[in-house]
Trainee: 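Shown below is the structure under consideration.
Chain A is the first sequence line, chain B the second, and so forth, proteins listed ahead of strands; every chain is numbered from 1. Just so it is clear, the structure is predicted and the values come from calculations on it, not from any experiment.
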2 protein chains.
Amino acid sequence: MEYKFEVNANEYLPLREVVFNNLRDAILKGQLKPGERLLENHLADKLGVSRTPVREALRMLEQENLVELIPRRGAQVLDISAEDIKNILEIRKALEVVSIRHACQKMDEESLKELKAYNAEFEKAFENEDYEGVATSDEKFHDVLFRAAGNLKLVAIISNIQAQVYRYRMAYLKVYETKTAVINHHRNIIEAVEKHNEEMGEKVMAEHIEHQTQVILESLKK
Amino acid sequence: MEYKFEVNANEYLPLREVVFNNLRDAILKGQLKPGERLLENHLADKLGVSRTPVREALRMLEQENLVELIPRRGAQVLDISAEDIKNILEIRKALEVVSIRHACQKMDEESLKELKAYNAEFEKAFENEDYEGVATSDEKFHDVLFRAAGNLKLVAIISNIQAQVYRYRMAYLKVYETKTAVINHHRNIIEAVEKHNEEMGEKVMAEHIEHQTQVILESLKK
DNA sequence: TATAATAAAACTGTATACTGTATAAATGAT
DNA sequence: ATCATTTATACAGTATACAGTTTTATTATA
């Protein structure tokens with residue numbers, strides 16, 4: 001019998017996906033700045049591929065609302081206004097509320113443990129002023145809630161929405177007053193989920209997102 | 001002085017957009033059926049273009065959740081389960097509620113008139129059993145509400161969401177009991193908007209979408 | 001007749017070549 | 001110098017060519 005390496009079918013990624021992930025990342029992290037033009041040739045050279053996969057990746061990024069394509073002019077990183085941020089966070093609020101309602105109804109012990117674990121991570125990171133850590137554990141915290149909702153479409157939309165305001169996340173967390181407010185929100189969310197108290201969950205989550213909106217919009221004025 | 005034809009800058013559409021619109025339409029109308037494979041060469045020949053714009057259009061359709069791309073295998077029209085429909089309509093409900101809250105707060109006279117006009121169209125079409133007409137005036141009715149909300153991101157997401165369940169729209173409207181229920185919903189929505197009664201609007205809209213969900217899921221069982 | 005091995009065909013993935021249109025640079029007129 | 005006019009350049013849009021992989025058809029084998 002002949003042996004083969006067990007090749008994971010997921011191992012292969014088309015170049016367009018690689019390019020897509022690359023660019024997406026660079027945009028989210030702010031390495032590619034709003035308004036910056038994305039020249040196909042330039043990107044292709046830099047990434048060591050031909051224009052074809054770059055172009056396809058750009059079409060995907062357009063649909064994700066991360067870049068803007070102007071016919072015969074090319075792509076540029078989408079700029080986002082204060083109004084946009086308000087609009088996006090309003091949508092996020094509505095969807096997070098849906099998701100926590102479900103979570104309050106049917107979250108199991110396992111997920112609840114996870115939720116608490118990520119929250120511990122979250123608080124610790126805050127103590128250490130490790131904002132990168134705060135951000136990632138915050139994401140994980142919310143992810144548990146989405147997943148508990150058991151609505152995959154919801155997860156997809158929220159993560160798309162989030163990508164659009166990702167850049168402003170750090171500014172938010174670093175604002176001094178955020179810390180105590182957000183830690184409280186999270187604790188209340190856990191309590192609501194634990195007690196299966198939908199109304200409470202809904203209320204706290206709405207506050208949580210509204211607070212975030214306030215702070216981000218405030219910080220934008222400067 | 002020399003005259004030139006006033007050339008509208010928006011007149012030019014890249015082929016990928018043309019192909020995209022074409023395929024999108026065909027999928028929404030059910031001419032391309034769920035599960036059906038979309039062969040690049042075939043489509044390119046049929047539309048009289050090369051594979052390049054077809055491929056780019058497919059990437060866009062993937063991001064719109066209308067087709068599924070399997071690496072090295074190609075594209076196929078995305079199939080949708082009852083679960084998906086439930087999930088999607090739950091999201092739609094949340095977003096329509098957001099939008100009607102705004103509409104109740106700040107809809108102007110002009111838009112209100114439009115709303116009533118489309119609703120008259122809607123009721124008349126129902127009388128004439130012109131379901132195509134019912135569907136389009138219903139769309140316009142809801143569009144007025146979205147637009148009143150003044151949140152462009154919301155409009156974009158809802159229309160994407162709607163595209164995914166577009167196929168089931170007719171089955172819904174043709175169910176006998178739908179007629180009276182929906183006509184009532186619409187009338188109540190108008191009343192709520194007119195009286196700036198947010199709570200009422202929210203309640204009616206939620207019912208409206210829930211009803212739709214019920215009927216569609218029911219009709220799927222057959 | 002089923003099953004495995006092999007060969008052929010059909011597709012997708014990627015690169016490259018070509019075309020036409022904007023944009024920027026260079027030239028010339030006022 | 002400033003503005004218009006031409007020319008050159010850079011770029012996106014589209015088509016095509018080729019490579020590699022999967023699927024299907026064909027043949028061989030039990």
Trainee: Taking the side chain as every heavy atom from C-beta outward, state whether B/Ile85 and B/Leu217 have any atom pair closer than 4.5 Å.
Mentor: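 Yes, at least one pair of side-chain atoms sits under 4.5 Å.
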
Trainee: From OH of A/Tyr12 over to C1' of D/dA19, roughly how many Å is that when rounded to an integer?
Mentor: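 Value for this atom pair: 12 Å.
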
Trainee: Can you tell me which nucleotide in D/dT14, C/dA15, C/dG13 comes closest to the side chain of A/Val49?
Mentor: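 The nucleotide sitting nearest to the side chain is C/dA15.
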
Trainee: Tell me whether the side-chain N or O atoms of B/Arg73 pair up with the base of C/dG13 as donor and acceptor below 3.5 Å, since no angle test is needed here.
Mentor: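 Side chain to base: no pair present.
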
Trainee: Between A/Ser99 and A/Ala149, is there a donor-acceptor pair closer than 3.5 Å when you use the side chain of the first and the backbone of the second?
Mentor: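 Between the backbone of A/Ala149 and the side chain of A/Ser99 there is no qualifying donor-acceptor contact (under 3.5 Å).
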
Trainee: Using the test ring pair (Phe, Tyr, Trp, His ring centres under 6.0 Å), find all partners of B/Phe141 that sit at least two apart in sequence or belong to another chain.
Mentor: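 Per chain and number, B/Phe141 pairs via ring pair (Phe, Tyr, Trp, His ring centres under 6.0 Å) with B/His186.
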
Trainee: Between B/Gln164 and B/Asn160, is any side-chain donor less than 3.5 angstrom from a side-chain acceptor?
Mentor: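 Note: B/Gln164 and B/Asn160 side chains meet the donor-acceptor criterion.
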
Trainee: Taking any heavy-atom pair under 4.0 Å as a contact, classify B/Leu38: base, sugar-phosphate, or nothing.
Mentor: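 Since only primed, P, OP1 and OP2 atoms lie under 4.0 Å of B/Leu38, the category is sugar-phosphate.
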
Trainee: Can you tell me if the side-chain N/O atoms of B/Thr52 get under 4.0 Å from OP1 or OP2 in D/dT14?
Mentor: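 No.
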
Trainee: Would you call A/Leu69 and A/Arg59 a side-chain contact if the rule is heavy atoms closer than 4.5 Å?
Mentor: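 Side chain of A/Leu69 against side chain of A/Arg59, heavy atoms only: contact under 4.5 Å found.
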
Trainee: For C/dG20, take OP1 and OP2 only and decide whether either is under 4.0 Å from a side-chain N or O of A/Arg72.
Mentor: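 No, outside the criterion.
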
Trainee: With a 4.0 Å cut-off on heavy atoms, is A/Arg51 in touch with a base, just the backbone sugar-phosphate, or nothing at all?
Mentor: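 Base contact - A/Arg51 has a heavy atom under 4.0 Å of at least one base atom.
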
Trainee: My understanding is that only residues two or more places apart in sequence, or in another chain, count here; which of them pass salt bridge (charged side-chain N to carboxylate O under 4.0 Å, His left out) with A/Lys222?
Mentor: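 Expected list: none.
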
Trainee: What is the distance from CG of A/Leu15 to C1' of D/dG20, rounded to the nearest Å?
Mentor: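 Going from CG in A/Leu15 over to C1' in D/dG20 covers 13 Å.
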
Trainee: Output the rounded distance in Å from NE2 (A/His42) to P (D/dA12).
Mentor: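 Taking NE2 of A/His42 and P of D/dA12, I get 12 Å after rounding.
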
Trainee: C/dA15 phosphate, OP1 or OP2: any side-chain N/O from B/Arg55 under 4.0 angstrom?
Mentor: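 For C/dA15, OP1/OP2 do not have a side-chain N/O of B/Arg55 under 4.0 Å.
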
Trainee: Take the angle between the ring planes of A/His142 and A/Phe146 and call it parallel below 30°, perpendicular above 60°, tilted in between.
Mentor: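 It falls in the tilted class, 30° to 60°.
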
Trainee: Can you tell me the distance, in whole Å, between the CD1 atom of B/Ile70 and the P atom of D/dT23?
Mentor: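 Roughly 9 Å, once rounded to whole Å.
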
Trainee: Please state how far atom CG in B/Asn41 lies from atom P in D/dT16, giving the value in whole angstrom units.
Mentor: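 Result: 11 Å.
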
Trainee: Judged by each residue's nearest nucleotide on DNA chain C, which is more toward the 5′ side, B/Pro71 or A/Arg37?
Mentor: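 Comparing both residues, the 5'-ward one is B/Pro71.
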
Trainee: Could you tell me how far apart B/Leu58 (CG) and C/dT12 (P) are, to the nearest whole angstrom?
Mentor: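 It is 9 Å, rounded to the nearest whole Å.
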
Trainee: Heavy atoms from C-beta onward define the side chain here; which of D/dT14, C/dT14, C/dA15 lies closest to that of B/Ser50?
Mentor: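 In terms of side-chain proximity for B/Ser50, the closest of D/dT14, C/dT14, C/dA15 is D/dT14.
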
Trainee: Indicate whether any N or O donor in one side chain lies under 3.5 Å from an N or O acceptor in the other, for A/Arg169 and A/Tyr166.
Mentor: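 Note: A/Arg169 and A/Tyr166 side chains meet the donor-acceptor criterion.
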
Trainee: To the nearest 10 degrees, what angle separates the axes at the start and end of the helix from C/dT1-D/dA30 to C/dT30-D/dA1, five pairs each?
Mentor: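 Answer for the end axes of this duplex: 0°.
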
Trainee: Name the closest nucleotide to the B/Arg59 side chain, picking from C/dT14, C/dG13, D/dT14.
Mentor: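 So the nucleotide nearest the side chain must be C/dG13.
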
Trainee: Can you check the B/Glu62 CD to C/dT12 P distance for me, whole Å?
Mentor: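 From B/Glu62 CD to C/dT12 P: 14 Å.
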
Trainee: Take atom CD of A/Glu68 and atom C1' of D/dA12, then tell me their distance rounded to the nearest Å.
Mentor: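 Interatomic distance, CD of A/Glu68 to C1' of D/dA12: 16 Å.
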
